[in-house]
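Just so you know, residue 1 is the first one in the sequence shown, and it goes up from there.
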Amino acid sequence: MMAYLAELDTRLLLYIQDALRYEPLHSFWRGISFLGDLGWFWIFTGILLALNSKTRTAGITTIAALMLSTFISNVILKNAVMRPRPFEVLPQIIPLITHASGYSFPSGHTTAAFACAFVYYKLLPKFFGLPIMLLAVMVAFSRLYLGVHYPLDVLGGIVTAWFGSMLAIKSLHRFKQN
């Protein structure tokens, strides 16, 4: 079963590289991915929301979800799994960015994007939550497009983010009740 998943993971990534990459879009996808670098965009939006009394709960929850999810992803899971990046293992994978380093599973960019998007979707009006969710999907896809993660790395980031964001939402809810 694991061999089948690894093969499927590789085939999907190769398909994206071979069939979906289009040189005029490379800069666009690099820009989308840049939003996840060091979590700066997500930290910034969380702080902005926390500064406004009407969105303070969403902002604080976002920062908590981001911290929790990032810790689980980058400290625990990456070091436990130690999966090499696809371009380190597969010579046919051509990464479109040069600064990707560290382990591949789960995708930290995807984890950060979805940790915030899940909170925004749950705690803010849908006209705000839906576009942020779409942006998170785009960040996740950018990591595949750029050749720095496997599809299962992205899926692992989404699951990690869901867990971290739900824990943050439930914790803040309990805190507000006391």
Side-chain angles (χ1 to χ4, degrees), residues 9 12-17 19-50 58-59 61-78 81 83 85-87 93-124 126-169:
D9 215 17
L12 284 171
L13 185 58
L14 288 170
Y15 174 79
I16 290 167
Q17 178 177 279
L20 300 181
R21 278 188 177 175
Y22 179 58
E23 201 278 325
L25 293 177
H26 290 2
S27 293
F28 172 78
W29 289 111
R30 283 184 189 110
I32 293 295
S33 184
F34 173 71
L35 295 176
D37 288 359
L38 301 174
W40 74 268
F41 177 79
W42 306 108
I43 294 166
F44 178 73
T45 60
I47 290 170
L48 279 181
L49 290 172
T61 307
T62 295
I63 293 166
L66 184 59
M67 289 172 33
L68 182 59
S69 298
T70 299
F71 179 79
I72 294 167
S73 171
N74 293 0
V75 176
I76 297 173
L77 292 175
K78 281 186 184 279
V81 176
R83 185 180 198 187
R85 294 203 180 251
F87 59 84
I93 298 292
I94 301 161
L96 297 180
I97 56 175
T98 57
H99 60 274
S101 62
Y103 296 120
S104 192
F105 182 88
S107 166
H109 282 67
T110 301
T111 301
F114 273 93
C116 297
F118 286 139
V119 171
Y120 294 161
Y121 187 80
K122 183 90 170 154
L123 300 182
L124 295 175
K126 297 306 176 239
F127 71 84
F128 188 76
L130 284 174
I132 293 294
M133 191 63 76
L134 177 61
L135 182 58
V137 168
M138 292 170 65
V139 168
F141 178 76
S142 77
R143 305 307 285 168
L144 302 172
Y145 184 93
L146 297 173
V148 295
H149 282 290
Y150 294 96
L152 285 176
D153 300 340
V154 166
L155 183 60
I158 293 168
V159 170
T160 302
W162 181 85
F163 178 77
S165 63
M166 292 305 118
L167 190 57
I169 289 168

Student: Is the ring pair Tyr145/Trp29 parallel, tilted or perpendicular, if the boundaries are 30 and 60 degrees?
Tutor: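 Tyr145 vs Trp29 ring planes: tilted.
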
Student: Between atom OG of Ser73 and atom CG of Leu68, what is the distance when rounded to the nearest 0.5 Å?
Tutor: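 Atom-to-atom, Ser73:OG and Leu68:CG are 11.0 Å apart.
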
Student: Do His149 and Phe105 come close enough that some side-chain heavy atom pair is under 4.5 Å?
Tutor: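 No, side chains not in contact.
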
Student: In plain terms, say whether Lys78 and Asp153 are close enough for a salt bridge, that is, a side-chain N and a carboxylate O under 4.0 Å apart.
Tutor: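 So Lys78 does not pair with Asp153 through a salt bridge.
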
Student: Compare all side-chain heavy atoms of Phe114 with those of Val137 and state whether any distance is below 4.5 angstrom.
Tutor: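 Counting from C-beta outward, Phe114 and Val137 do come under 4.5 Å.
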
Student: For Leu35 and His109: C-alpha separation, side-chain torsions, deciding distance, then whether side-chain contact (heavy atoms from CB on, under 4.5 Å) applies.
Tutor: CA-CA 8 Å; Leu35 295 176; His109 282 67; over 6 Å; no

Student: If you measure from OG on Ser27 to CD1 on Ile32, what distance do you get to the nearest 0.5 Å?
Tutor: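 The CD1 atom of Ile32 is 12.0 Å from OG of Ser27, to the nearest 0.5 Å.
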
Student: If you measure from CG on Leu38 to OG1 on Thr70, what distance do you get to the nearest 0.5 Å?
Tutor: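 So the gap between those two atoms works out to 10.5 Å.
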
Student: Is there a side-chain contact between Tyr150 and Leu144 (heavy atoms, below 4.5 Å)?
Tutor: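 Side chain of Tyr150 against side chain of Leu144, heavy atoms only: no contact under 4.5 Å found.
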
Student: So which atom in Pro86 and which in Gly147 form the shortest heavy-atom distance, rounded to 0.1 Å?
Tutor: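 Here Pro86 and Gly147 meet closest at CG-O, 3.7 Å.
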
Student: Do you see a donor-acceptor pair shorter than 3.5 Å between the side chains of Thr45 and Tyr120?
Tutor: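 The criterion, which ignores hydrogens and geometry beyond distance, is satisfied for Tyr120 and Thr45.
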
Student: Taking C-beta and beyond as the side chain, do Tyr103 and Arg83 meet within less than 4.5 Å on heavy atoms?
Tutor: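 The answer is no, as the side chains (C-beta and beyond) never meet within the 4.5 Å cut-off.
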
Student: With a 4.5 Å cut-off on side-chain heavy atoms, are Ile47 and Phe44 touching?
Tutor: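 Sidechains of Ile47 and Phe44: no contact.
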
Student: Heavy atoms only: give me the nearest Leu49-Gly59 pair and the separation to one decimal.
Tutor: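 Reported closest heavy-atom pair: CB-CA, 3.6 Å.
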
Student: For residues Tyr121 and Met133, report the shortest heavy-atom separation together with the two atoms involved.
Tutor: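 Nearest pair, atom of Tyr121 first, then Met133: CB-CE, 3.7 Å.
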
Student: Should the heavy atoms of other residues, nucleotides or ligands under 6.0 Å from CE of Met138 be counted, would the total exceed 12?
Tutor: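 Correct, the count exceeds 12.
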
Student: Answer yes or no: is there a side-chain heavy-atom contact under 4.5 Å between Thr111 and Phe163?
Tutor: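 No. Closest side-chain heavy atoms not under 4.5 Å.
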
Student: Can you check whether Ile169 reaches Val119 side chain to side chain, under 4.5 Å on heavy atoms?
Tutor: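 Touching, per the 4.5 Å side-chain cut-off.
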
Student: Output all residues satisfying ring pair (Phe, Tyr, Trp, His ring centres under 6.0 Å) with Tyr15, sequence neighbours left out; order by chain, then residue number.
Tutor: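 So Tyr15 forms no ring pair (Phe, Tyr, Trp, His ring centres under 6.0 Å) with any residue.
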
Student: For residues Gly46 and Thr62, report the shortest heavy-atom separation together with the two atoms involved.
Tutor: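 Heavy-atom minimum between the residues: CA-CG2, 4.1 Å.
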
Student: Determine whether more than 12 heavy atoms belonging to other residues, nucleotides or ligands lie under 6.0 Å from atom CZ of Phe141.
Tutor: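 Counting other residues, nucleotides and ligands, CZ of Phe141 exceeds 12 neighbours.
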
Student: Calculate, to the nearest 0.5 Å, the distance between atoms OG and CG belonging to Ser107 and Leu77 respectively.
Tutor: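 CG of Leu77 is found 12.0 Å from OG of Ser107.
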
Student: With a 4.5 Å cut-off on side-chain heavy atoms, are Lys122 and Thr61 touching?
Tutor: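 When only atoms from C-beta onward are counted, Lys122 and Thr61 do not touch, as no gap falls below 4.5 Å.
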
Student: Side chain of Gln17, backbone of Ile94: donor and acceptor closer than 3.5 Å?
Tutor: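 Yes; at least one donor-acceptor contact below 3.5 Å.
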
Student: Under the ring pair (Phe, Tyr, Trp, His ring centres under 6.0 Å) rule, collect the residues that match up with Phe34, sequence neighbours excluded.
Tutor: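 Phe34: ring pair (Phe, Tyr, Trp, His ring centres under 6.0 Å) contacts with Trp40.
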
Student: What's the shortest heavy-atom distance between Ala161 and Ala115, and which atoms?
Tutor: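 Minimum heavy-atom contact is CB-N, 3.2 Å.
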
Student: Could you tell me which residues satisfy salt bridge (Lys or Arg N to Asp or Glu O under 4.0 Å) with Arg85, sequence neighbours excluded, listed by chain and number?
Tutor: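 Checked Arg85 against salt bridge (Lys or Arg N to Asp or Glu O under 4.0 Å); zero matches.
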
Student: Cut-off 3.5 Å, side chains only: do Arg143 and Ser33 have a donor facing an acceptor?
Tutor: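 Yes, because at least one side-chain N or O of Arg143 sits under 3.5 Å from a partner of the opposite role on Ser33.
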
Student: Just do the side-chain contact (heavy atoms from CB on, under 4.5 Å) check on Ile63 and Ile43 with the steps written out, would you?
Tutor: CA-CA 7 Å; Ile63 293 166; Ile43 294 166; 5.9 Å; no

Student: Looking at CD1 of Ile16 and CG of Leu146, how far apart are the two atoms once the value is rounded to the nearest 0.5 Å?
Tutor: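 It is 10.5 Å, given to the nearest 0.5 Å.
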
Student: Among Val148, Val154, Ile93, which residue satisfies the side chain to side chain contact (heavy atoms under 4.5 Å, CB included) criterion with Leu13?
Tutor: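 The option that passes is Ile93.
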
Student: Evaluate whether atom CG of Leu25 has more than 12 neighbouring non-hydrogen atoms of other residues, nucleotides or ligands under 6.0 angstrom away.
Tutor: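 Atom CG in Leu25 is packed in, count exceeds 12.
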
Student: Is the side chain of Ser69 donor-acceptor paired with the backbone N or O of Leu66 at a distance under 3.5 Å, no angle test?
Tutor: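 No; judged by distance alone, with no hydrogens or angles, the pair does not exist.
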
Student: Check Pro106 against Thr160 and note the closest heavy-atom contact, atom names and distance.
Tutor: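 Nearest pair, atom of Pro106 first, then Thr160: CG-OG1, 4.1 Å.
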
